Amino acid sequence: EPEVTQTPSHQVTQMGQEVILRCVPISNHLYFYWYRQILGQKVEFLVSFYNNEISEKSEIFDDQFSVERPDGSNFTLKIRSTKLEDSAMYFCASSGVNTEAFFGQGTRLTVV
Amino acid sequence: RKEVEQDPGPFNVPEGATVAFNCTYSNSASQSFFWYRQDCRKEPKLLMSVYSSGNEDGRFTAQLNRASQYISLLIRDSKLSDSATYLCVSGDSSYKLIFGSGTRLLVRP
């Protein structure tokens, strides 16, 4: 069964450092997303990406965040200068047209 | 007001019990609805989509009431493996998903 894969599974970084979280969406999907979940809280939408551009972003997705699809398979989330409050589980998801979204297993980001 | 609201639980039920979860959503423009299941520290996994006509998948039945902006999930004959957090989710026209905070279910032997 096709699946969304994310790397790394766990990333520890120092405050102020840049991190790149990587995702390989399901191959025939067209819509890509990043969500985050702070420990004990709900899953929150960050950004959606379609046709090589951002289609929507939330208030959380400020100038410190960026997304990229550098090639035909990868979809990345970059946080330029991490803060302690960026510590969370980051989930990548993908969907086709009028199909449900499937999530990767997540990257746990710990900012120290 | 929260966009998607759920009772956090926990619901603690014996094996074999029937349990029902409810959820309300505030955005009347929401176009799609889902129940996802999330195990501790894992990713959300799609359980089922929810339609106005109601849909059933084995022991699970989901129902949508657009007039009341209300979504339900019924689990019959609960199994120990059903223990998880159940996330009520709405989607808009851009396929963005809005998650509720989840309802925790504990099924005891």
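Computed from a predicted model, the values in this text were never measured in an experiment. Basis for what follows: all heavy atoms, side chains included, without hydrogens, waters or symmetry-related copies.
The same ILVMFWY cluster, assembled from side-chain heavy atoms under 4.5 Å apart, contains both B:F60 and B:V13. Residue A:F102 is not grouped with residue A:V47 when hydrophobic side chains (ILVMFWY) are merged at heavy-atom distances under 4.5 angstrom, including chains of intermediate members. Hydrophobic clustering, with ILVMFWY side chains joined whenever heavy atoms are under 4.5 angstrom apart, groups A:I60 together with A:L77. By the criterion of side-chain heavy atoms lying less than 4.5 angstrom apart, applied directly or through intervening Ile, Leu, Val, Met, Phe, Trp or Tyr residues, B:L74 is not grouped with B:V19; the two fall into different hydrophobic clusters. Clustering ILVMFWY residues whenever any of their side-chain heavy atoms sit less than 4.5 angstrom apart, transitively, puts B:F34 in a cluster other than the one holding B:Y51.
Looking at A:Y35, the atoms closer than 4.5 Å to chain B (heavy atoms on both sides) all sit in the side chain, from C-beta outward. Looking at B:Q38, only its side chain comes within 4.5 Å of chain A, counting heavy atoms on both sides. B:D39 does not touch chain A: none of its heavy atoms, backbone or side chain, sits under 4.5 Å away. Proximity to chain B (any heavy atom under 4.5 Å) is shown, for A:Q105, by both the backbone and the side chain. If you measure heavy-atom distances from A:F103 to chain B, the contacts under 4.5 Å come from both the backbone and the side chain.
Here the OG-NZ distance, from A:S58 to B:K96, works out to 8.0 Å after rounding to the nearest 0.5 Å. A:E100 CD to B:M48 CE: the interatomic distance, rounded to the nearest 0.5 Å, is 11.0 Å.
Heavy atoms only, all atoms of each residue included: B:L97 and A:F45 are closest at O-CB, 4.0 Å.
No more than 12 heavy atoms of other residues, nucleotides or ligands shown are found within 6.0 angstrom of CG on A:D63. For NZ of A:K42, the number of neighbouring non-hydrogen atoms (other residues, nucleotides, ligands) closer than 6.0 Å is greater than 12.
Chain B forms the most heavy-atom pairs under 4.5 Å with one residue out of A:R108, A:Q41, A:Q6, A:E44, and that residue is A:R108. Here A:A101 is the residue among A:S55, A:A101, A:S95, A:S48 with the most heavy-atom pairs under 4.5 Å with chain B.
Taking the side chain as every heavy atom from C-beta outward, A:V4 and B:E43 never approach each other to under 4.5 Å.
Residues of residues 83-91 of chain A lying under 4.5 angstrom from chain B, judged on non-hydrogen atoms, are A:M89, A:F91 by number. For a heavy-atom cut-off of 4.5 Å, chain A lies close to B:F99, B:G100, B:S101 in residues 99-109 of chain B.
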Check the pair A:E56 / B:D92 against side-chain contact (heavy atoms from CB on, under 4.5 Å), numbers first and verdict last. CA-CA 11 Å; A:E56 192 169 350; B:D92 64 15; 4.0 Å; yes

